[in-house]
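Below is one structure, written out as structure tokens, with a few remarks after it.
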Amino acid sequence: MTTTTVNETTTTVSPTKKTNLLDHHSIKHLLDETVTEIVTNRGYNEDVRMSNVRLLIGSIIIIIALFAQFYNKKFPDNKNFLIGCIVLYVVFNGILQLVVYTKEKNAFLFTYPPSGSAYNSTGLMISSKLPRFSDMYTLTIASADPKSISAKPTVEFTKSVTTWFTKDGVLVEGLFWKDVEALINNYANAKDNKKSK
């Protein structure tokens, strides 16, 4: 943020968020980053436990690869050690893929429940999709603990990214914030899954 002084009045001007409209990865990244900012401003604290699990498994995989590379015996004397490293590498890589596939899916943000609502609310799992060669961005808010009695039904919207960007690639944050906050309100006001059955 930059601060400018005009006639002894201090105003805060947030930097504009700009992206390359020809690169759908950078568009999705900017939108996801902005969603994270909006959600944390609404009182939801980010839950990084899943990220930490992935980092731990990834570190173990790297350590296995380093042991295999720098083991002090030469091939073929280290054949059994290398086979063991390859098996461990495949096992831990499989565990990592399983975690990503079953727990994370397309989610880019997990949160704790908002403060003061630990028993009547769950954290959020927020995911998004922006298919290649498409301008349709889908944002989904679901319960981070779908089996909880406090879990609410999943809500989502799908809109064209052209709704939120100028032709120069500048994000019109006011419009995007309005849409995301409306979706968060829809989720917060939805009846619990268990009560609606």
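None of these values were measured; they are calculated from a predicted model. These numbers come from the heavy atoms of this one structure, side chains and all, not from hydrogens, waters or symmetry mates.
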Next on the checklist: More than 12 heavy atoms of other residues, nucleotides or ligands under 6.0 Å from CZ of Phe81: yes or no?
Outcome noted: yes

Next on the checklist: Quick check: closest heavy atoms across Trp177 and Asn41, and the distance to 0.1 Å?
Outcome noted: CH2-ND2, 3.1 Å

Next on the checklist: Just so I know, are the side chains of Thr163 and Ser160 near enough to count as touching, which here means a heavy-atom distance under 4.5 Å?
Outcome noted: yes

Item to check | Validation row: Thr34, Phe176 side chains within 4.5 angstrom (heavy atoms) | outcome: yes

Next on the checklist: Are Leu56 and Phe110 connected into the same hydrophobic cluster when the rule is that any two of I, L, V, M, F, W, Y join if their side-chain heavy atoms are below 4.5 Å apart?
Outcome noted: yes

Next on the checklist: I'd like to know if Phe157 and Leu171 are part of one continuous hydrophobic network [Ile/Leu/Val/Met/Phe/Trp/Tyr, side-chain heavy atoms within less than 4.5 Å].
Outcome noted: yes

Checklist entry - Which atom pair, heavy atoms only, marks the closest approach of Cys85 to Ile64? => result O-CG2, 3.3 Å

Checklist entry - Are any of the side-chain heavy atoms of Val170 and Phe165 separated by less than 4.5 Å? => result no

Item to check | Val172 reachable from Val35 in the ILVMFWY side-chain graph, under 4.5 Å edges | outcome: yes

Checklist outcome for this item: Rounded to the nearest 0.5 Å, the NZ atom of Lys159 sits from the CG atom of Leu139 at a distance of 11.0 Å

Checklist entry - With the 4.5 Å side-chain cut-off for hydrophobic clustering, are Ile141 and Phe108 part of the same group? => result yes

Next on the checklist: Would you compute the distance between atom NE2 of His24 and atom OG1 of Thr19 and round it to the nearest 0.5 angstrom?
Outcome noted: 11.5 Å

Item to check | Over 12 non-hydrogen atoms of neighbours within 6.0 angstrom of CZ in Phe67 | outcome: no

Next on the checklist: Can a donor-acceptor pair be found, under 3.5 Å and without considering hydrogens, that links the side chain of Asn185 to the backbone of Glu181?
Outcome noted: yes

Checklist entry - Side chains of Trp164 and Leu31: closer than 4.5 Å at any heavy-atom pair? => result yes

Checklist entry - So if you build clusters from Ile, Leu, Val, Met, Phe, Trp, Tyr with side-chain heavy-atom gaps below 4.5 Å, do Val161 and Leu175 land together? => result yes

Next on the checklist: Between Leu183 and Asp179, is there a side-chain heavy-atom distance shorter than 4.5 Å?
Outcome noted: no

Item to check | Minimum-distance pair of heavy atoms, taken over all atoms of Met136 and Leu130 | outcome: O-CD1, 3.5 Å

Checklist outcome for this item: Tightest non-hydrogen contact, residues Glu173 and Glu37, listed as OE1-OE2, 4.4 Å

Item to check | CD1-CG distance between Ile27 and Asp32, expressed to the nearest 0.5 angstrom | outcome: 11.5 Å

Checklist entry - Does any non-hydrogen side-chain atom of Tyr187 lie less than 4.5 Å from one of Glu156? => result no

Checklist entry - Can you name the residues that form a side chain to side chain contact (heavy atoms under 4.5 Å, CB included) with Val91, not counting sequence neighbours? => result Val87, Ile95

Checklist entry - Which atoms form the tightest heavy-atom contact between Leu124 and Val39, and what is the distance? => result CD1-CG1, 4.2 Å

Checklist entry - Side chains of Lys28 and Ser128: closer than 4.5 Å at any heavy-atom pair? => result yes

Next on the checklist: Would Arg49 and Tyr112 count as a side-chain contact (heavy atoms from CB on, under 4.5 Å) here? Give the steps.
Outcome noted: CA-CA 10 Å; Arg49 288 177 295 185; Tyr112 292 106; 3.9 Å; yes

Item to check | Donor-acceptor side-chain pairing of Asp47 and Thr111 below 3.5 angstrom | outcome: no

Item to check | salt bridge (Lys or Arg N to Asp or Glu O under 4.0 Å) partners of Glu33, counting only residues at least two apart | outcome: none

Checklist entry - Should Thr140 and Ile126 count as side-chain neighbours, where that means a heavy-atom distance under 4.5 Å? => result no

Checklist entry - Ala107 and Met125: which non-hydrogen atoms are nearest, and at how many Å? => result CB-CG, 3.6 Å

